[in-house]
Amino acid sequence: MAKSGVSVTAGAAGGPGFKKAAFPKTQTARVRQARRINRALAEVYPYAHPELDFENPFQLLVATVLSAQTTDLRVNQTTPALFAKYPTPAAMADANPEELEELIRPTGFFRNKAKAVMGLSAALRDDFGGEVPGRLEDLVTLPGVGRKTANVVLGNAFGVPGITVDTHFGRLAKRFGWTESDDPVKVEQEVGELVEKREWTMLSHRVVFHGRRICHSRRPACGACPIARLCPSYGEGETDPVKAEKLLKYEKGGQPGQRLKPPADYPGEAAARAAAHGGPTPDTADGEAGGAGVDA
């Protein structure tokens with residue numbers, strides 16, 4: 001067991017018995033391979049979870065919109081003051097735009113985001129009785145809310161299965177051979193045909209966790225990847241185990257995660273505690289901002 005917590009066993013990442021997987025050529029092969037990868041990722045990330053702090057559906061909806069083109073950590077550092085001042089859709093809908101903009105300025109694109117969160121708050125107040133709806137067809141009518149954001153909210157606030165195709169998920173779906181498309185809606189549909197519906201939300205978390213921690217955009221840590229034997233794209237990144245180990249992010253690399261209030265079973269250090277002790281608080285995962293964001 002490496003100190004990072006990544007277990008590289010025989011048959012993985014160039015070890016004894018390692019054989020690079022082939023890209024699945026039939027739908028049956030894709031189904032079999034996708035389910036094997038999902039089971040393997042469940043073992044690697046049994047604690048996978050949404051990395052935005054939230055206490056109710058409204059907070060998750062707003063936080064997800066704010067996460068566009070920034071990190072979940074930056075959003076988590078911003079939302080406590082925001083929700084303290086505007087705790088309900090009615091309060092946020094009636095906010096002074098300039099004051100709200102100033103509160104969310106650290107997340108970037110704050111004018112567009114302020115317009116979106118005030119607009120969706122007004123719609124929730126006026127059209128949904130001040131409550132976040134639990135149906136995709138209703139959520140996507142809200143300003144700044146598309147399928148990605150809606151699936152985040154449905155899966156994590158309402159327990160409705162959904163696949164969230166962000167940049168990490170889309171990248172890994174292509175590397176695994178699950179799709180050839182760059183269209184998020186098509187990726188969602190194609191991957192949804194491979195894995196049981198009840199697994200969709202957790203599959204999204206596991207794949208995004210893997211993309212942020214190991215299977216990075218520019219330099220995947222192939223040599224430290226515990227599912228390398230299942231990946232047809234093994235070799236796109238660093239295959240030397242020692243060099244690959246240095247590329248690991250967040251808890252896999254001995255660094256804090258993005259949440260200020262992580263779940264009890266999260267193995268890494270909370271970002272707030274790490275910052276208080278002078279530890280690293282990474283703002284990016286391989287240079288990519290996270291979050292489903294403003295995607296209407």
Side-chain angles (χ1 to χ4, degrees), residues 5-6 12 21 23-24 30-52 64 67 71-72 147-156 160-222 224-234 236-237 247-252 257-259 263 266 268 285-286 288-293 295:
V6 177
F23 277 96
R30 280 189 288 273
V31 168
R32 185 178 297 115
Q33 183 242 33
R35 296 185 181 191
R36 289 183 67 191
I37 287 179
N38 182 42
R39 290 193 297 268
L41 290 176
E43 293 183 6
V44 177
Y45 307 105
Y47 49 85
H49 62 273
E51 294 193 85
L52 290 167
T64 306
S67 71
T71 63
D72 289 351
R147 291 186 66 91
K148 290 184 293 183
T149 297
N151 279 328
V152 169
V153 174
L154 290 174
N156 298 289
V160 178
I163 294 174
T164 303
V165 184
D166 70 354
T167 56
H168 302 286
F169 193 99
R171 177 177 74 252
L172 269 63
K174 292 184 74 172
R175 284 180 175 170
F176 292 155
W178 297 349
T179 182
E180 294 181 354
S181 179
D182 292 315
D183 175 22
V185 174
K186 188 171 183 180
V187 173
E188 178 187 340
Q189 294 171 342
E190 292 182 348
V191 176
E193 295 175 355
L194 304 179
V195 179
E196 305 96 319
K197 185 174 181 178
R198 66 177 183 271
E199 287 289 303
W200 286 357
T201 298
M202 288 310 302
L203 173 69
S204 299
H205 290 322
R206 293 161 188 157
V207 171
V208 170
F209 258 57
H210 194 59
R212 286 177 170 172
R213 286 149 177 79
I214 297 177
C215 195
H216 311 136
S217 176
R218 290 191 291 270
R219 293 188 68 193
C222 294
C225 179
I227 68 163
R229 62 187 177 83
L230 301 176
C231 182
S233 295
Y234 172 81
E236 283 192 13
L247 301 176
L248 301 178
K249 305 285 187 179
Y250 301 110
E251 78 283 355
K252 293 301 184 186
Q258 299 205 65
R259 292 195 69 164
Y266 176 68
D286 193 38
E288 286 183 284
D295 56 0

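On a predicted model such as this, the values are computed, not experimentally measured, just so you know.
Applying side-chain hydrogen bond (donor to acceptor under 3.5 Å, both in side chains) to Glu236 and the options Arg219, Arg218, Arg175 leaves one that passes, Arg175.
Here the closest non-hydrogen pair linking Ala21 and Arg229 is CB-O, 3.6 Å. The two residues Ser181 and Val187 have their closest heavy-atom pair at O-CG2, 3.4 Å. Nearest heavy atom pair, residue Ala228 against residue Tyr234, reads CB-CD1, 3.7 Å. In terms of heavy atoms, Ser204 sits closest to Thr164 at OG-N, 3.0 Å. Heavy atoms only, all atoms of each residue included: Ala224 and Leu248 are closest at CB-CD2, 4.1 Å. Nearest heavy-atom pair, Pro220 versus Leu247, reported as atom, atom and distance to 0.1 Å: O-CD1, 4.2 Å.
Between the side chain of Asp72 and the backbone N or O of Gln258 there is no donor-acceptor pair closer than 3.5 Å. For Asn156 (side chain) and Val152 (main-chain N/O), a donor-acceptor pair under 3.5 Å exists by modelled atom type.
Salt bridge status for Glu188 with Lys148: absent, with no side-chain N to carboxylate O gap under 4.0 Å. A salt bridge links Glu251 and Arg213; the closest N-O separation between the charged side-chain nitrogens and carboxylate oxygens is under 4.0 Å. A salt bridge links Arg206 with Glu199: the distance from a Lys NZ or Arg NE/NH1/NH2 to an Asp or Glu carboxylate oxygen falls below 4.0 Å.
Separating the OG atom in Ser233 from the CG atom in Leu172 is a distance of 9.0 Å, to the nearest 0.5 Å. Taking CD of Glu51 as the start and OH of Tyr250 as the end, the distance is 7.0 Å to the nearest 0.5 Å. The NZ atom of Lys174 sits 3.5 Å away from atom CG of Asp182, with the distance rounded to the nearest 0.5 Å. The structure places NZ of Lys252 at 9.5 Å from NE2 of His210, a figure rounded to the nearest 0.5 Å. Note that CG of Asn151 is 7.5 Å distant from OG1 of Thr201, once rounded to the nearest 0.5 Å. The distance from atom SG of Cys231 to atom CZ of Phe23, rounded to the nearest 0.5 Å, is 7.0 Å.
Gln33 is not listed as a side-chain neighbour of Leu230, based on a closest heavy-atom distance of 4.5 Å or more. Taking 4.5 Å as the limit, every side-chain heavy atom of Phe209 sits out of range of all side-chain heavy atoms of Ile214. In this structure, Pro50 and His205 have side chains that are in contact, with non-hydrogen atoms separated by less than 4.5 Å. With a 4.5 Å cut-off on side-chain heavy atoms, Phe176 and Val191 do not count as touching. Counting heavy atoms from C-beta outward, Trp178 and Ile37 have side chains that approach closer than 4.5 Å.
A donor-acceptor contact closer than 3.5 angstrom links the side chains of His168 and Arg171. Tyr266 and His49 are not linked by any side-chain donor-acceptor pair at a separation below 3.5 angstrom, with hydrogens and angles left out of the test.
Aromatic ring orientation, Tyr45 versus Tyr47: perpendicular (interplanar angle above 60°, classes split at 30° and 60°).
The side chain to side chain contact (heavy atoms under 4.5 Å, CB included) test applied to Arg30 returns Pro24, Gln27, Leu194, not counting sequence neighbours.
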